[in-house]
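In what follows, a single structure is set out as structure tokens and then discussed.
Every chain is numbered from 1 and lettered A, B, ... according to where its sequence line falls, protein lines coming before strand lines.
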Amino acid sequence: MCCLEKVPMSRPVVTRFAPSPTGMLHIGGVRTALFCWLFARKHGGRFILRIEDTDLSRSTDDNIRIIEEGMAWVGLDWDEGPIVGEPSQWKGPHGPYRQMQRMESHYKPAVEKLIAEGKAYRCRCTREELDERRKLAEAKGVPFSYNLGVDAGKGCRDANHDASQPYSVRLKMPQDGAIVLDDLVKGRIEFPADTLDDWIIARTGEGTEIGVPTYNFCVVVDDTGMEVTHVIRGDDHVANTPKQIALYQAMGFELPRFAHVPMILGKDGAKLSKRHGATSITEYQALGLLPSAVRLALARLSWTPKIDGKAVESAEEEILTDEQMIQLFDLNEIQKSPARFDMDKLSWMNQKLIQKATWQELEPHLRPFLPEAWSAKPEDWKRIAITATQKGKSLVEMAEALRFAFERPTEFDEKGVAKFMTEAVKPALREVAGLSDYAHDALEAAFNAILERHGLKTKDLAQALRVALCGKPVSPGIFDTLMLLGPDEVLARLEKWL
RNA sequence: GGGGCUAUCGUCUAGGGGUUAGGACAUCGCCCUUUCACGGCGACAACACGGGUUCGAAUCCCGUUAGCCCUACCA
């Protein structure tokens, strides 16, 4: 069944990605964002980027820019959210899209309303008192709770405190039954009410003021205010969801659909972290990966698209275009269990995508990995350079394979010299140096003629040329190598060997 | 401690009562070849464990184990 059919509301699909600007854009976050993006695109809906910058100590405009640029690079464009390079502006009708800018306008009125309606209450318990109780519970080996079980009746739930003293604000949770979450990927999950106690929606403020609201509160206010219909997020949020559901209900809002997607683990099954290698999207960019490869690899982690009801059955089918992914995407096909990140497969997909791309498509991605001189080269030259190296696993490999075209070799591979720079081959080399018609066919014909005259095999001459021209017996196809260098440069590099 | 989620080749996964348990990446071997690659062909390789239910269980149920998440006036 399509998840859309289960949505009671007839509003257009809206998803959102809400990262914290804490210094980098994590690959796991990008994957979640990708699912949100795919889902929105598939259903012709909107995709929102929202910045959760309530962690004042780590949130900076620079970090927000890192997120924006990372998202832009990986090709996840947002319909609503911040405007790159304009910290105080945004696009979309539900702004601001930075939480710190929503305090007075959105969060505080919502808290006040809940208190006024008796759905939430002021709590005068201090952090110290709470810590004390927590320690006590721990010593006794019983679970701490604010107002549940043995702690029932404790706390300020029924005290009806006014605002005359500093207070935090807690939400009254239902006290019996269960909160059920009908998750689009995990299925039905029940949370017994007696495990969910009254939680803080707003921290203690100054004097009679309401303090800064907490994450679980802001999320709900934002998601309702921004008309989010499908909350697609990491499954580390599953256990937060019953709190949020209770809040939706207290505020009288219709529930969105929830889809908790599994997290990405490192190769060893531990949470993906620095020691597994690259975790930030910026690093993947630097590795010479195509954004399309990153999208594909990330999407295929935990998701098996079905074509006509069948999962992909060949290497060819693994390489999906964005259009195919958007068309095929279905939350029902997402795995419940976490997946381990596999750099090898990403790398293979990257290679396949490089092979499939036209040289024009590749050029802008490749350019940053090449020296300045690249830009000045004629189109034809670029075409040859790219098509000649399009077997590489990454843009870095391609650039590396083209180095010889920009730098004369300073060192020469000893084994290569010993093996291929024979006396027998030198006269042939001399003839190659004299060639002037560098059109591919002419070059090939002349090359073969030289071979014949000197009784050499292709390998003998080609390898000797590679060593002389590139310093090592490795280069693109020999005719491409010659063409990229051109007759003058070939002559110059050959001179010392004649 | 409590609550929740998860478990098929090394990795991503298909399959959901009867299959030689299928594919992809990686690995290994062979072939192709002007180098390196690409490409082609092939091989290796899995149902976490223990109980049920059943004529029959990877598949359904219950336990166990392991991993992860939440259990904050973090997000």
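What separates CE of A:Met343 from P of B:U11 is a distance of 18 Å, to the nearest Å. Rounded to a whole Å, the CD atom of A:Gln244 is 12 Å from the P atom of B:U71. Regarding A:Glu333, its CD atom lies at a distance of 16 Å from the C1' atom of B:G23, rounded to whole Å. As rounded to whole Å, 14 Å separates atom C1' of B:U71 from atom CG of A:Asn147. The distance between atom CZ of A:Arg340 and atom C1' of B:C68, rounded to the nearest whole Å, is 11 Å. Nucleotide B:G39 holds its P atom 13 Å from the NZ atom of A:Lys356, rounded to whole Å. Rounded to an integer number of Å, the gap from CD of A:Glu138 to P of B:G1 is 12 Å. Atom NZ of A:Lys336 and atom P of B:U8 are 13 Å apart (whole Å).
When the P atom is used for both B:C61 and B:G18, the distance is 16 Å, rounded to whole Å. Atom name C1', nucleotides B:C25 and B:C62: the rounded distance is 37 Å, in whole Å. When the C1' atom is used for both B:A46 and B:A24, the distance is 15 Å, rounded to whole Å. B:U59 and B:C38 are spaced 40 Å apart, taking the P atom of each and rounding to whole Å. B:G42 and B:C5 have their C1' atoms separated by 41 Å, with the value rounded to a whole Å. Comparing B:C47 with B:C12, their C1' atoms are spaced 16 Å from each other, to the whole Å. To the nearest whole angstrom, the two P atoms, one in B:G2 and one in B:U13, are 31 Å apart. The same atom, P, is picked in B:A66 and in B:C41; the two are 45 Å apart, to the nearest Å.
Using the Watson-Crick or G-U wobble rule with both distances under 3.5 Å, B:G18 pairs with B:C55. Base pairing of B:U34 is not made with any nucleotide, judged by Watson-Crick or G-U wobble geometry with both donor-acceptor distances under 3.5 Å. B:C68 is paired with B:G4 under the criterion used here, namely a Watson-Crick or G-U wobble arrangement in which both key atom distances are under 3.5 Å. Nucleotide B:A24: paired with B:U11 (Watson-Crick or G-U wobble, both distances less than 3.5 Å). Searching all strands for a Watson-Crick or G-U wobble partner of B:C41 with both distances below 3.5 Å returns B:G29. Using N1 to N3 plus N6-O4 or O6-N4 for Watson-Crick, or N1-O2 and O6-N3 for G-U wobble, each under 3.5 Å, B:G63 pairs with B:C49.
Minimum atom distance to the side chain of A:Gln99 is reached by B:A75, of the listed B:A75, B:A72, B:C25. Of all nucleotides listed (B:G4, B:A72, B:A75), B:A75 comes nearest to the side chain of A:Asn240. Nearest to the side-chain atoms of A:Pro338 among the listed nucleotides B:A14, B:U6, B:A24 stands B:U6.
Scanning for ring-ring contact (aromatic ring centres under 6.0 Å, His included) contacts around A:His365 gives an empty result, with sequence neighbours left out.
You won't find any donor-acceptor pair under 3.5 Å spanning the side chain of A:Lys345 and the base of B:A26, going by distance alone. For A:Thr214 against B:C73, a side-chain-to-base donor-acceptor contact under 3.5 Å is absent.
Panel note: side chain A:Arg102, backbone A:Pro96; a donor-acceptor pair is recorded below 3.5 Å. For the pair A:Lys267 (side chain) and A:Arg340 (backbone), a donor-acceptor distance under 3.5 Å is absent. Proximity of a side-chain donor or acceptor of A:Asp460 to a complementary backbone N or O of A:Lys457 within less than 3.5 Å is detected.
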Got a list of protein N/O to nucleotides 40-50 of chain B N/O distances below 3.5 Å?
none

Reading nucleotides 28-34 of chain B from 5' to 3' and marking B where a protein heavy atom lies under 4.0 Å of the base, S where only the sugar-phosphate is that close, and - otherwise, the string is ------B
